[in-house]
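Just below is one structure, and these are the notes that go with it.
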Amino acid sequence: MNKDFIKLAIKKLLLLLFIVAFVLLFSALFGSENQLIAVGLITGLIMFYNIDLGLDRKQAPFIIFGICFLMAIANIVSFYNVYLAILFNAVTIYLFMSLSTVHLAYKTYIPFALIYVFAQGMPINEGQILKRTLAFVVSGVALALLYAIKHRKLENGKTIKDIYNSVSISKETTVFNIKMALGLTISMFLTDFFTIEKGMWISVTVMSLTQPHFHMTKERIKHRFLGTVIGVICFLIMFNGLVPEQYLGFVIAILSYIYTFIQSYYIQIIFVTINSLNSAQGIFDTSYKSGAYRISFILLGILIVLFVVFIEKILDKNVKEYSDDEDVLTNT
């Protein structure tokens, strides 16, 4: 058992080092303003290597690249016109959700959602448009190539036509995709309209809390809020005297490594909060202010999710579970 744990520890350490190196290289090539896109990209590469999207193997690479290219266009539009961005965001999010939730239980929509949310949360100026576009294009090419090679023998995948024909307001996957599109569009609009620093914290909260079933959302809301509060407290203690400043970077690196072993969503949020607040230093005046903003953004994200659920309940059409929805209850 000790040998197995040591092997696992080494494997996770090597993976963490690879991810860090990948993000740094991507940032060096495309600029620090696109660094977080690399996080979504590496998430997609790891996920798509092990899991298939359930798409037709001939169409899948083109669909993946097309999604990334569409996200690039919508992302750039959002920086020019906040109102036009509402339409582009809603359409783009709904399309990539619909095309990546053939197997809803596998959560293969996450890489696309992360790339889009992170890009939206990192504003650019006109001189950075080319690099932002290239970051999306390269991400699309990398994901498409990996998927085409790894899943070249996949059979019985769904075509775009199959997915289009399966869309139904009475189908739980369709309702979930609409909820995600509505929630993220609202959070992105608020972030753009009020020019909110670190507004992507709101969108990430919405993405995480939006689940197919309300009981799953309720559990996540409870864990996310409590985990955030505890994470803020831990951060304030660590960064205000407990840990000498020269060792803070080392401590954060250790926490990032420990995080790879954590399975509990509640505990994960504590670690994510600490890391997020650390990355936000320099944006807010004090650690206390960044902590207050983090909690307020989480609360705003929760309110958006509850609003979307309220709309869902009003428009309830007796949503049914279909066999190709997979067992969404297995999601954690």
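Every value quoted in this text rests on a predicted model; they were computed, and no experiment measured them.
Shortest non-hydrogen contact noted between L184 and V206 is N-CG1, 3.9 Å. Residues Q35 and S27 come closest through the heavy atom pair NE2-OG, 3.7 Å. Closest of all the heavy-atom pairs between G121 and M200 is CA-CB, 3.8 Å. The two residues N278 and F235 have their closest heavy-atom pair at N-CE1, 3.6 Å. Closest approach of V175 and I169 over heavy atoms only: CG2-O, 3.3 Å.
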Report all side-chain donor-acceptor pairs from residues 188-198 shorter than 3.5 Å, counting only partners two or more places apart or in another chain.
{"unit_1": "T191", "atom_1": "OG1", "unit_2": "S187", "atom_2": "O", "d": "2.9"}
{"unit_1": "T191", "atom_1": "OG1", "unit_2": "G199", "atom_2": "O", "d": "3.4"}
{"unit_1": "D192", "atom_1": "OD1", "unit_2": "Q120", "atom_2": "NE2", "d": "2.9"}

Check residues 61-79 and write down every donor-acceptor pair under 3.5 Å in which the side-chain atom is one partner and the other belongs to a residue at least two apart or another chain.
{"unit_1": "N75", "atom_1": "OD1", "unit_2": "R132", "atom_2": "NH1", "d": "2.8"}
{"unit_1": "S78", "atom_1": "OG", "unit_2": "N75", "atom_2": "O", "d": "2.5"}

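The list of ring-ring contact (aromatic ring centres under 6.0 Å, His included) pairs with a residue in residues 156-175, not counting sequence neighbours, is empty. Pairs engaging residues 271-292 under the ring-ring contact (aromatic ring centres under 6.0 Å, His included) rule: F284-Y293 [sequence neighbours left out].
Listed by chain and residue number, R220, R224, Y265 satisfy the side-chain hydrogen bond (donor to acceptor under 3.5 Å, both in side chains) test with S208 (two or more places apart in sequence, or in another chain). With sequence neighbours left out, L25 forms a side chain to side chain contact (heavy atoms under 4.5 Å, CB included) with L29. Residues passing the side-chain hydrogen bond (donor to acceptor under 3.5 Å, both in side chains) test with K289, sequence neighbours excluded: D285. Applying the salt bridge (Lys or Arg N to Asp or Glu O under 4.0 Å) test to K179 and every residue at least two apart in sequence or in another chain returns E312. A search for salt bridge (Lys or Arg N to Asp or Glu O under 4.0 Å) contacts involving K12 returns nothing, not counting sequence neighbours. Applying the side-chain hydrogen bond (donor to acceptor under 3.5 Å, both in side chains) test to D56 and every residue at least two apart in sequence or in another chain returns nothing. Applying the side-chain hydrogen bond (donor to acceptor under 3.5 Å, both in side chains) rule to T286 yields no partners; only residues at least two apart in sequence or on another chain are considered. Remark: K222 pairs with E219 by the salt bridge (Lys or Arg N to Asp or Glu O under 4.0 Å) rule, at least two apart or across chains.
Applying the 6.0 Å contact sphere to OH of Y49 captures no more than 12 heavy atoms from other residues, nucleotides or ligands. Other residues, nucleotides and ligands contribute at most 12 non-hydrogen atoms within 6.0 Å of the CZ atom of F88.
Distance alone, capped at 3.5 Å, places no donor-acceptor pair between the H151 side chain and the A60 backbone. Under a 3.5 Å cut-off, the side chain of T108 and the backbone N or O of S100 do form a donor-acceptor pair. Side chain of Y257 to main chain of I252: no donor-acceptor pair is present (N/O by atom type, distance under 3.5 Å, no hydrogens or angles). Side chain of S279 to backbone of S276: a donor-acceptor contact under 3.5 angstrom is found.
With a 4.5 Å cut-off on side-chain heavy atoms, F112 and L99 do not count as touching.
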